[in-house]
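Throughout, residue positions are numbered sequentially from 1 according to the sequence presented. All values below were derived from every heavy atom in this structure, side-chain atoms included, with hydrogens, water molecules and symmetry-related copies excluded.
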Amino acid sequence: MGIQGMELCAIAVVIALFVAVLKQFGILEPMSMEDDSETDLELSTVRHQPEGLEQLQAVTKFTKKELQSLYRGFKNECPSGLVDEETFKLIYSQFFPQGDATMYAHFLFNAFDMDRNGAIQFEDFVVGLSILLRGTVHEKLKWAFNLYDINKDGYITKEEMLAIMKSIYDMMGHYTYPLLRDDAPVEHVERFFQKMDRNCDGVVTIDEFLETCQKDENIMKSMQLFENVI
C-alpha cells in the first residue's frame, strides 16, 4: 500500500495492513475439509469465548466453515483465547521490522477491544473482521471513524487524525521511496480536513465523514478491495 492510499484518508490502509498481518500469521487460513466437530465443541465451551457458533453466525457475515477456520487460526496464535495489547503490538512489530508499529497497533487494538477490558476475545475479533471484510460501505466507514475518533466523543479532531497518520507513517515510512518528509503527515491531515470538515468548525462529525467518503470514487473502490479475502 503506497502513499496514494494514505491520501485516501488512510481507510484502505487500515483494512489492507490488518488483513495482510492476519494472512502473514495464518489467521486467515484456507478452508479445510477436515472434521470440525472438535472446533464446534471448543467454540461453544472455550472459557474466554462464551458465544457459540450459532450466536457468532447470527452477529457476523461468516459461514460456519469460515468461523471454524478463523477460530483455528486465532487459537493457534492465541492459545489462551485472548489477545492483550502487548501481543498485538508484537505481531505488528514482527511484520514491520524496519518501522515502528507500536502506536498503530495501539489504535487498532482499541478499535477491536469493544468492551474496553484490555483484551481482544475471539468474538471481538470476528465481529470486527466481519465488518471490515463483509460489511456494507456504511458499516466499514463507521468502523474507520471509530478508529480515528480516539477519545470516542463523536468527533475527529486534527490532533486525533495526526496521531493516526503519524502512526501509519512511523510503521510504513521506511518502506517508501523516496523517503517521506517529516511534515508529510501534517500535510495529509490538512487535506483530510479540507475535504471532510464541511462547515469548517475544526472537527469532523460522523455525518461529514460518511457524506464525504461516499461521494469519493476512490474511497468507494477501496472499500471493495477486501471482500473476497476469505
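Looking at heavy atoms from C-beta onward, Ile120 lies out of side-chain contact with Leu82 at the 4.5 angstrom threshold. Within the 4.5 Å cutoff, the side chain of Tyr169 has heavy atoms near those of the His188 side chain. Residues Gln121 and Val83 form no side-chain contact, since every pair of their non-hydrogen atoms from C-beta on lies 4.5 Å or further apart. Counting heavy atoms from C-beta on, the side chains of Met196 and Glu208 never come closer than 4.5 Å. A heavy-atom distance below 4.5 Å is found between the side chains of Leu67 and Gln57. Between Gln68 and Lys64, the closest side-chain pair of non-hydrogen atoms falls below 4.5 Å. Taking 4.5 Å as the limit, every side-chain heavy atom of Val186 sits out of range of all side-chain heavy atoms of Val189.
Panel note: side chain Asp100, backbone Met171; no donor-acceptor pair is recorded below 3.5 Å. Formation of a donor-acceptor pair under 3.5 Å by the Asp124 side chain with backbone atoms of Gly128 is not found in this model. Between the side chain of Ser69 and the main chain of Lys65, no donor-acceptor pair closer than 3.5 Å is present. Without hydrogens or angle criteria, Lys152 side chain to Asn146 main chain gives a donor-acceptor distance under 3.5 Å.
In this structure, Phe209 CZ and Asp197 CG are separated by 13.5 Å, a value rounded to the nearest 0.5 Å. Here the CG atom belonging to Leu162 is positioned 10.0 Å from the CZ atom belonging to Phe193, to the nearest 0.5 angstrom. Taking CE of Met161 as the reference point, atom CG of Asp149 lies at 12.0 Å (rounded to 0.5 Å). Gln55 contributes atom CD, which lies 11.5 Å from atom OG1 of Thr60 (distance to the nearest 0.5 angstrom). Between the CG atom of Leu129 and the CH2 atom of Trp143 there is a distance of 9.5 Å, given to the nearest 0.5 Å. A distance of 12.5 Å separates CG of Leu53 from CZ of Phe62, quoted to the nearest 0.5 Å.
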Thr212/Asp216 under side chain to side chain contact (heavy atoms under 4.5 Å, CB included): CA gap, chis, key distance, verdict:
CA-CA 6 Å; Thr212 306; Asp216 190 302; 5.8 Å; no
Hey, mind stepping through Asp170 and Tyr104 against side chain to side chain contact (heavy atoms under 4.5 Å, CB included) and telling me if it holds?
CA-CA 8 Å; Asp170 286 345; Tyr104 177 82; over 6 Å; no
Walk me through whether Val126 and Phe74 qualify under side chain to side chain contact (heavy atoms under 4.5 Å, CB included).
CA-CA 10 Å; Val126 293; Phe74 186 88; over 6 Å; no
Chi angles and distances behind the ring-ring contact (aromatic ring centres under 6.0 Å, His included) call for His106, Phe88:
CA-CA 8 Å; His106 168 73; Phe88 204 74; over 10 Å; no
Before you tell me yes or no, could you show the steps for Ile150 and Glu159 under side chain to side chain contact (heavy atoms under 4.5 Å, CB included), namely the whole-Å CA-CA distance, both residues' side-chain angles and the distance that decides it to 0.1 Å?
CA-CA 10 Å; Ile150 296 173; Glu159 291 77 16; over 6 Å; no
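Nearest heavy atoms, Ile131 versus Lys140: O-CG, 3.2 Å. Looking at every heavy atom in both residues, Arg116 comes nearest to Asn110 through NH1-O, 2.8 Å. Shortest non-hydrogen contact noted between Ile164 and Ser167 is O-OG, 2.6 Å. Residues Gly154 and Phe145 come closest through the heavy atom pair O-CZ, 3.5 Å. Between Tyr148 and Glu160 the shortest heavy-atom distance is O-CB, 3.5 Å. Ala101 and Ser93 get closest at one heavy-atom pair: CB-N, 4.2 Å.
A salt bridge is defined here as a Lys NZ or Arg NE, NH1 or NH2 lying under 4.0 Å from an Asp or Glu carboxylate O, and Lys61 with Glu139 meets this definition. Note on Glu66 versus Arg134: salt bridge recorded, some NZ/NE/NH1/NH2 to OD/OE distance being below 4.0 Å. A salt bridge links Lys158 and Glu190; the closest N-O separation between the charged side-chain nitrogens and carboxylate oxygens is under 4.0 Å.
A side chain to side chain contact (heavy atoms under 4.5 Å, CB included) with Phe112 holds for exactly one of Val127, Leu147, Leu132; it is Leu132.
Atom CD of Glu211 has more than 12 heavy atoms from other residues, nucleotides or ligands within 6.0 Å. Environment of NZ in Lys89: crowded, with over 12 heavy atoms of neighbouring residues, nucleotides or ligands closer than 6.0 Å. Shown here is Tyr155, whose OH atom has no more than 12 heavy atoms of other residues, nucleotides or ligands within 6.0 Å.
No donor-acceptor contact under 3.5 angstrom links the side chains of Thr205 and Asp207, judged on distance only.
Linking Ile, Leu, Val, Met, Phe, Trp and Tyr residues whenever their side-chain heavy atoms come within less than 4.5 Å leaves Ile156 and Val203 in two separate clusters.
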